[in-house]
Every structure is written in structure tokens, then in C-alpha cells.
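Residue numbers run from 1 in the order of the sequence given. FYI, side chains are in, hydrogens and waters are out, and symmetry mates aren't considered; it's all heavy atoms of this structure.
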Amino acid sequence: MNVRVLVIFLSMLMGVVLAHANPLGDGLTPYGAEQAANQDGSIPSWDGGITPDKMPKLKKGLENPFSNEKPLYIITSKNAAEYEQLLTIGQKTLLKAYPESYKIPVYPSHRTAAAPGWVYDNIAKNHQSAQLVNGGNGIRNAFGGVPFPVPKNAEGKYDPYRIIWNHLTRWRGIYVSAETSEAPVHANGAYSLVTAEQEAAFLFYDPKRDFSKLDNKLTYFLASIKQPARMAGGAVLVHETLDRTEEERLAWIYSSGTRRVRRAPSVAYDMPVASSDNLMTADDVDMFNGALDRYEWAYVGKQEKLIPYNNFELSNQTANHEQVLLKGHINPDLTRYELHRVWVVEATLKPDVRHIYHKRRFYIDEDTWGIVQADQYDSRGELWRVHLSYMVNYYHIPVTWSALTANYDLTSRRYFAGFLDNSNGIALKFDDNLPPESYFKPQALRRRGR
């Protein structure tokens, strides 16, 4: 074999090896994000994120690996025009609504998001097998990872349904429990806490199952209110489905007053969340959840935007409610924004159905597929609510999820804050083992609500 033939052979072999090493395609992370830095390096390349082996053993609270960093700059109402291209419409509106107090501290960007290796392996498999069904209202042949890491349709165009399904099925652990508080904060700054025990079983990630064993179930969610006394004892159980046209979401409510469990078919869409004082809809929870069928979905593009990211300091302060919950908005001095690439998807209400949001624009982090911001419009086409998820890496798992959420109502000047910690450490408790199936049956709901 002469030298020229040998070089050609080795080049072909290297091509095969690289293709095998990255089944999603050249230049992508195992989660489907662009691995490379952006053009000027303000968004770095992804190097694997923060994983347990890169951090000290968890003691109390999350260790902030960037505690020595100072803001690169702070955006206020006075200098917002200089950074217009990096801001969302919702961020610009909040700066105008609270010109003296709202600000956006911008720090160096770190792509810390990570997931276990077996999740990456499943994503690679899903890339070959996953399908949208029933007009985008369900998925098939996917398990244990986002189904569409390269969210293109048969015509090679980016598909908003695939992008949103990645959010709905993103990695958040296997079984998560927490005792957290939520607070509707009034225009004058007054608030009262609502404390609840919440549990989520992500069946889609249960290692004892595969797609054929899901029985059209995506997630079990269980919550029971502990405080205040007037609401204590109430509980809700939700069975979330994979294909919403085949079977709608199943929900049951336990009333402590009647001590009865009843089916609740309306725990969906724009039904108000009981603890939110009408500031949150059922499908606002986790930034967006549930059926996609009431909206027409459109892909806007991939953009570079400043988003709440690596909020380690905020995460460790969420037990200090008085420090976090300020008049008009949460304490901006505790927040951290970074420049990241986001998928932008827009949903417009169909003419023959109803929902309090006429239009919704979602910004989805490329490294996690999690929605980090939602700009939500009323029937007049005016921006009504701005919903933010202040992201942090729970690196001991690792999972990147909310350290805090805040839904700002621009009309009433109230907001709703969720994920407030009651443990003075880490509110979210992750477990690789799911409770037995009977734990999430309607018959067990009464015991949980007491």
C-alpha cells in the first residue's frame, strides 16, 4: 500500500470513528447544542459542564464555583438601549416598569449544564427512532432523554413541536421530592407564603422501563399543601400522558373539607393554580407543560440572549424570603445573567379555542432544552406577563433546573415566586428509585392530603 492510498484509507477510517463518536453530527454536544463558542468567544465552547467529579462533595447548599466573579456590566433602564440586541422584549419591559430598582447584572458565561452518561446514550438512540404523532400532540419511540436533539422535520427545517417536546421531556432526574414555598407578592410588597410538599416521578427516565412499558404515561406529580391553615390538607395528583390525543391528562383533587377524592378534568391549560392568587395558570408550571393543541406553533430562530444562569448565590438565599422577595420583583442583586444561545419558539392561540394567553414566546436554553423565559400576551396583543426561570446546576446529580421562578404580571404589578427553599440548604431531593406504582394512585391521595 503506497503512502497516498494509506492516507486516504486513514482519512476514511477517521471519518467513521468520528461519526461513531458523535451520532448526532459534527459540532454538537451529546444534548444537541452547538459545542463551539460563538464568534467573539463571549459564549464559550461546551467542555462537559459541571459534574460531581469536578466539585467538592455536597454538604449544605450548592457550592458557587464562580463566587469570585464580578459583573461585567449591569443593565438598568438608563443604559438598556446599549444592549438592546441581547435583551428579550420581556426584559426591556421590566426595566421600563421598574426603572429605579430593576436591573440585570451580567457575568461571564459558563456552559455548566450536564447530564449522566446514560442520558446521553439514550438521546443518541432517540435521534434515530423518535417520532411526532397526532399532529405534534404526542411522541413515540423515545425514552430516557430528549427525543429530538436535532429538532428538524422531514423537510430539514427546525420544528417548534420537536423543540417544545424536548422541553417537556428534558432531564430533571428520576424521582424528585421537595418541601418548598410559593408566594404571590402584591403591588405594595406584601406577601404570604404557601408551603407544599411536592413529588414528581419522571417515568420517562425510570431505568426499569422503556418506551413499550410507559403505557402512555410521562410523569406522575403529587402535591399537598401544608400551610397556611386555611388551605392545609388539600392535595392534587396528576398523571401526565405522552400522547394527549390518545388520552388526556388525568388529575384528581382531595379536599380536606369534604375528605373526598374527585376527578378534576380541568387541571390543565389556563386553570388558575390555587396557591398563585390567579397569577399562574396550570400550564405555566415548569414554564410550560401539558397539551400543545390550543396553539399554532412557529419557530422564530436561534438567538444569543442574556438569560438567568448559574444562579448559585440565589439558590442558597431562597430560604431568606424577606431578602429575596422585594416590592415589584425579586432582589436583582442576588441574580446572575449570562449570554447563551436560545431557541425561540412562538405560540399563537387558534381562533376556535380559548386561553387567557393569546400569544406566548418561549426562550429555550440550548444546553438543557429548558424554557428560561416566557413572554405572554393578552387578547389585545399586549405583553401581560413575563415568566423567568433562574437556572442552576444541581451538580451532585447533575441536573440543571430552576433555583427560583418568578412570573411578573405587568398589569397588576404583582408577581408569583416559586421554588422558595424551606430547608436552608437544597430544597430538591433527588432519588434514583421510584416509589411503588400504588403510591401515585387516586386511592392514596387522601392519605397524602391529611
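Not less than 6.0 angstrom separates the ring centroid of F440 from the ring centroid of H239. Checked against the 6.0 Å centroid threshold, Y102 and H329 count as a close aromatic pair. Aromatic pair W369/W343: centroids less than 6.0 angstrom apart. Residues Y83 and Y73 bring their aromatic ring centres within 6.0 Å.
Scanning both residues, Q323 and L334, for their nearest heavy atoms gives NE2-CD2, 3.8 Å. Closest approach of D365 to V372, counting heavy atoms only: CB-CG1, 4.1 Å.
Side-chain atoms of N126 come within 3.5 Å of backbone N or O of G145 as a donor-acceptor pair. No donor-acceptor distance shorter than 3.5 angstrom exists from the side chain of D286 to the backbone of N289, with no hydrogens or angles considered. D375 contributes a side-chain N or O that, together with a main-chain N or O of G90, makes up a donor-acceptor pair within less than 3.5 Å. Within the 3.5 Å criterion, the main-chain N or O of P272 finds no donor-acceptor partner in the side chain of S276. Counting only distance, with no hydrogens or angles, the side chain of N316 and the backbone of L62 share a donor-acceptor pair below 3.5 Å. Side-chain atoms of E182 never come within 3.5 Å of backbone atoms of A196 as a donor-acceptor pair (strictly under, hydrogens ignored). A donor-acceptor pair under 3.5 Å links the side-chain atoms of N79 to the main chain of I74, judged by distance alone. The backbone N or O of V119 sits nowhere less than 3.5 Å from a side-chain atom of Y205 that would complete a donor-acceptor pair. Between the side chain of T368 and the backbone N or O of G370, at least one donor-acceptor pair lies under 3.5 Å.
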Working for side-chain hydrogen bond (donor to acceptor under 3.5 Å, both in side chains), residues D284 and Y357: CA-CA 10 Å; D284 274 330; Y357 301 139; 2.7 Å; yes
Any chance you could lay out the side-chain hydrogen bond (donor to acceptor under 3.5 Å, both in side chains) test for E313 and N64, step after step, and finish with the verdict? CA-CA 7 Å; E313 182 177 357; N64 183 0; 5.3 Å; no
What do the steps show when you test T195 against S181 for side-chain hydrogen bond (donor to acceptor under 3.5 Å, both in side chains), and what is the final call? CA-CA 4 Å; T195 302; S181 288; 2.8 Å; yes
Could you go step by step and tell me if Y191 and H321 meet the side-chain hydrogen bond (donor to acceptor under 3.5 Å, both in side chains) rule? CA-CA 10 Å; Y191 63 86; H321 308 137; 5.4 Å; no
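Scanning for salt bridge (Lys or Arg N to Asp or Glu O under 4.0 Å) contacts around R336 gives E69, E338, with sequence neighbours left out. The side-chain hydrogen bond (donor to acceptor under 3.5 Å, both in side chains) search around S412 returns D409, R414, not counting sequence neighbours. Residues that satisfy the side-chain hydrogen bond (donor to acceptor under 3.5 Å, both in side chains) test with D47, not counting sequence neighbours, are absent from this structure. Considering only residues two or more places apart in sequence or on other chains, R111 meets the side-chain hydrogen bond (donor to acceptor under 3.5 Å, both in side chains) condition with E366, D367. Listed by chain and number, the residues in a side-chain contact (heavy atoms from CB on, under 4.5 Å) with D293 are N137, Y269, A291 (sequence neighbours excluded).
Looking at heavy atoms from C-beta onward, Y408 lies out of side-chain contact with H387 at the 4.5 angstrom threshold. Side-chain atoms of H110 and F66, non-hydrogen and from C-beta on, do get closer than 4.5 Å to each other. At least one side-chain heavy atom of P147 sits under 4.5 Å from a side-chain heavy atom of N166. At least one side-chain heavy atom of Y309 sits under 4.5 Å from a side-chain heavy atom of T112. A heavy-atom distance below 4.5 Å is found between the side chains of L314 and I330. Residues N331 and L326 meet the side-chain proximity criterion, which asks for heavy atoms closer than 4.5 Å. Here the side chains of L434 and F202 are not in contact, with every heavy-atom distance at 4.5 Å or above. Using a 4.5 Å heavy-atom cutoff, the side chains of H396 and I426 are in contact.
Classification of D206 and K217 as a salt-bridged pair fails, no side-chain N sitting under 4.0 Å from a carboxylate O. Looking at K157 and E155, no side-chain N of the basic residue comes within less than 4.0 Å of a carboxylate O on the acidic one, giving no salt bridge. A salt bridge does not link E82 with K78: none of the charged nitrogens is closer than 4.0 Å to a carboxylate oxygen. Salt bridge annotation for R385-D378: absent, with no cationic side-chain nitrogen under 4.0 angstrom from a carboxylate oxygen. Salt-bridge check for E84 with K92: passed, with a basic side-chain N closer than 4.0 Å to an acidic carboxylate O. With salt bridges taken as basic N to acidic carboxylate O contacts below 4.0 Å, none links K125 and D210. Using a 4.0 Å cut-off between a side-chain N of Lys or Arg and a carboxylate O of Asp or Glu, K103 and D333 qualify as a salt bridge.
Applying the side chain to side chain donor-acceptor pair (under 3.5 Å) definition to pairs two or more places apart or across chains, those involving residues 30-41 are E34-K302, N38-D40, N38-S42, N38-E304, D40-S42.
Between W401 and F430, the ring planes are tilted. Angles from 30° to 60° get that label. In this structure, Y390 and Y337 have perpendicular ring planes: the angle between them is above 60°, well past the 30° mark.
None of F288, Y158, W165 except one satisfies the ring-ring contact (aromatic ring centres under 6.0 Å, His included) rule with W297; the exception is F288.
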